[in-house]
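The structure appears right after this line, and notes come after that.
The structure presented is a predicted model; accordingly, all values stated were derived computationally and were not measured.
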Amino acid sequence: MTEPLAPQYDPAAIEAPLYARWQAQQLYRVPADHPGEPYVVQMPPPNVTAVLHAGHGLNNTLQDVIIRFERMRGKRALWVPGTDHAGIATQNVVEKLLAKEGLTRFDIGREAFVERVWAFVHETGGSILKQLEALGTSCDWERTYFTLDADLSRAVREVFVTLHEEGLIYRGKYIINWCPRCLTALSNEEVEKEEADGRIWHLNYPLADGSGHLVVATTRPETMLGDSGVAVHPADPRYAHLIGRMLTLPLTDRTIPIVADDAVEADFGSGAVKVTPAHDPTDFEIGRRHDLAVFDVMTDDARMNDTVPERFRGLDRFEARKRVVAEFEELGLLVKVETHRHAVGRCYRCDTVVEPKLSDQWFVRMQPLAEPALAAYRDGRLRFLPERQGDNYAMWLENIRDWCISRQLWWGHRIPVWYCDTEGGGCGRTSVSRTDLDACPECHGPVRQDEDVLDTWFSSWLVPFSSLGWPEETADLKAFYPGATLVTAPEILFFWVARMIMAGLHFRGEVPFRTIYLHGTVRDTQHRKMSKSLGNGIDPLEVIDRYGADALRYTLVSGMAVGTDVILDPADLDASFAPGRNFANKLWNIGRFLLGHLGPDTPKLADVAEADLTLADRWILARAEATVVEVTGQYGKFRLNDGAAAVYHFLWSDLADWYLEQIKPRLYGTQPGGETAKAVAAHVLDLGLRLLHPVMPFITETLWQRLPHSPADDSISVQQWPVPGDARADAQALAEFGAIQEVIGAIRALRAEYAVAPGQRVNLTLADASPVVQRAIAVEEETVRRLAKVDNLQLGAAPAGASGTVVLDDGTVVIVPLGDLVDIDKECARLGGEATKLEGLVRSQEARLANPQFVDRAPPAVVAKEREKAAAWAAQAIALREQCRALRCRDQN
RNA sequence: GGGCGAAUAGCUCAGUUGGUCAGAGCGCCUGCCUUACACGCAGGAUGUCGGGGGUUCGAGCCCCUCUUCGCCCACCA
């Protein structure tokens, strides 16, 4: 792999072959006995049916940057990939496919359906992992897991049975969230609340004895068919006399009692609440307290069932609502309708309005699991980035509710519970078992396994240890648990992150990771989340195809500050990915130019005599040193964007714009010292490439392999991370070459201002040159001549004739005689203007320094600094005025 | 209803403990195809740092308040 670089940067041509090579070399394979301190990152397992989207791209890029950085730092860096069986999501996908054949899952039956899903998963599932490869992800693919694999299933079962034994899993009849489209229960977290403008109907319920009526307010009139009471607040004087009396429930032949309950808010609505125990969690509790009857009036798909009067049966809940309201109106029992803003819960998978439903489900008692998880946060064992996310975490744990884990689905881990039915002549025993049961352990009669499966998250909350072989005490488990950092989106903080922490503490006694980096979301220019339905998504594969994975990665990383979103314009990929695309192209050309001059004979920096180093050499080495410190610090703080920006600046501005320009004559052989320049250039490019490698792995590898001293068949991704001392700190070189840059900049600005033809050479006089400038010019005069196209260069007094002038911060006066190009009056006006500005600054500065409050209270260092500033400005202003006078004076001669 | 966050150049955002902090990238303007790169080079313009008050010798940076967005949580039917 050492052919010369192609003239054109073609990411497609380098990326895929490199990835294949890394895989073949098993660079990211991490056995348990791998050297180094462990650093483990668990990839948030994408849904097995998922297609790569921008969110995956961002999430996995960030993880890859972190893992590559830590790997190069000598850690035993392991990144564990996997996929999630994604119960509801996957089942929905396959059901849709079936629907195209005109079939439902009930038509083909459970066994055939599950087979069908497996076939689908084997056929198309997991392709997202292939897509991740295009990003350059350096995970250990040999460890790829699937949450329905036998070993992870075993862990799931072990956890279920253990928690059950500990009394932390129970079954019971409660109001749960029910999705009438998916036909399953959902956990609280799986319901997305959405504020919506709704209505609230005030309905008249007549007293049974005809002596009056009571008005109830409801947002869901259709549920009145299931009412079994009306509740008022015990201390509400309006209704005190009615407590205990009976009402006739309209549209039905039922009589229901009026009860008093603290749960009622007297101020809201009419102060009287209709109680529907089967269709509302609060009502369920009220019903329990007052022993009210329970009327479930809906089918699983949210139609009115046979318990309601015939004319309502079969009606969808929203149809039924209209019908009920209409009938109340006809009967003159509709008092009023008001608009009302309230939260509506929707299924997070299909967006259907969730129905509170009374049913038998399995739950995990969360309080005992939440307490240690909260303690781990409070005592600092967990760290959130951004920090404020920790409050979210704590708040959720403090108000935790039991977790409904059973799902009425077919795709997932079947609940390991077997019933010995009494109707079948059995003993009625319920068996919770680690192994499949064929017969009742008690009476040896036939058993029936629970029909339900477990919530998808009941397997993914275990992956920090189940992916490492648990419940076996494997070498992997010892070597890689606990992990170091979790990188994910805040959306799954409760679904996944918090639960992993609870499971980790409960089953392993340690938090599964220490740092939780919750990154932002990729959004469009209107700040909308990218989604398929909005059609505003960016396809990472298309971006990779057009600009390369490196360009995608750099753009994402550089746009991602901790705690912020990344905004990209899906309609303008060119503009969106310009930063990464431009930078990658620049790097390619830096490589093409520099590597073309380097060869096997290029000396190592260590073999270059100190005395041979020019100021420019020392300067770029000092810049490299500073960049090593900066980038290492920023990556270490997960400020990946700041780290990336620092390398960007080093490679583009310092190396390409200045150093490479400076050494050209030495490279071309028109000046001596070529070998030294090559050695320095090779050295700092090597450092820069290492620092950039975590962000742009492909192009850095490509260039690095062509550096003179890179071992053959080696990879930059397993090289050592640069450390301070790899280059060298040199404040003097920074200052002196900085002065050269200032002088050149001043000349260029003058040239531009006076429209000096690009090829035209000018003369230069440096008056009042500071010591730093003098020292710098003594050794880099040629650089100034060449980069600013200067002919004669002299230190001393201003020459005769019209000239342009710039006064540098250190007082050095840069004078470029420009003859006819200069309009003396204009130049004087310009200089005078600048002088006036400076004099203004000096005056305000002097006022400040004359203020005893400031001089006494501000730290001496600050005061001294302000004094220096004032002096420097004053000197500059004087120099400007002086130049103006000199200009007019010379003009007269 | 509660909690949290954000408002800085045309756009997307940095600005970590108050004293060169008014910055970067993209876009824009001017001039250049200078034998690595026009996805480039050189130069340049642009901001009462959301409004108002306050603390301080000194405030994008701290406090109060208002306005506008966003996120999370929530059993007032």
Show me the protein contacts with nucleotides 39-44 of chain B, counting only N or O atoms at under 3.5 Å.
residue, atom, partner, partner atom, Å
B:C39, O4', A:N582, OD1, 3.2
B:C39, O2', A:N585, OD1, 3.1
B:C39, O2, A:R581, O, 3.2
B:G40, O3', A:K586, NZ, 3.2
B:C41, OP1, A:K586, NZ, 2.9
B:C41, OP1, A:W652, NE1, 2.5
B:C41, OP1, A:D657, OD1, 3.3

For nucleotides 75-77 of chain B, tabulate all protein N/O to nucleotide N/O atom pairs closer than 3.5 Å, reporting atom names and distance.
residue, atom, partner, partner atom, Å
B:C75, OP1, A:R401, NH1, 2.9
B:C75, OP2, A:K193, NZ, 3.2
B:C75, O2, A:T282, OG1, 2.9
B:A77, OP2, A:H340, NE2, 3.3
B:A77, O3', A:T219, OG1, 3.4
B:A77, O2', A:A217, O, 3.4
B:A77, N6, A:E265, O, 2.7
B:A77, N6, A:F268, O, 3.1
B:A77, N1, A:E265, N, 3.1

What N/O pairs connect the protein and nucleotides 6-11 of chain B at under 3.5 Å? Give each pair on its own line.
none

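Residues that satisfy the salt bridge (Lys or Arg N to Asp or Glu O under 4.0 Å) test with A:D856, not counting sequence neighbours, are absent from this structure. Take A:E338 and apply the salt bridge (Lys or Arg N to Asp or Glu O under 4.0 Å) test, not counting sequence neighbours, and it matches A:K336. In this structure, A:Y205 has no ring pair (Phe, Tyr, Trp, His ring centres under 6.0 Å) partners at least two apart in sequence or on a different chain. The salt bridge (Lys or Arg N to Asp or Glu O under 4.0 Å) search around A:E868 returns none, not counting sequence neighbours. Applying the ring pair (Phe, Tyr, Trp, His ring centres under 6.0 Å) criterion to A:H202, with sequence neighbours excluded, gives no partner residue. Looking at residues two or more places apart in sequence or on another chain, you find no ring pair (Phe, Tyr, Trp, His ring centres under 6.0 Å) involving A:F577.
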Which donor-acceptor pairs under 3.5 Å do side chains of residues 644-658 of chain A form with protein atoms, sequence neighbours excluded?
residue, atom, partner, partner atom, Å
A:D654, OD2, A:R623, NE, 2.6
A:D654, OD2, A:R623, NH2, 2.9

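Listed by first and then second residue, the side-chain hydrogen bond (donor to acceptor under 3.5 Å, both in side chains) pairs involving residues 559-583 of chain A are A:R523-A:D565, A:Y547-A:D574 (not counting sequence neighbours).
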| request: Let me have RNA chain B in dot-bracket notation, would you? Count Watson-Crick plus G-U wobble pairs, both distances under 3.5 Å, and use [ ] for pairs crossing earlier ones and | for inter-strand partners. | output: (((((((..((((.....[...)))).(((((.......))))).....(((((..]....))))))))))))....
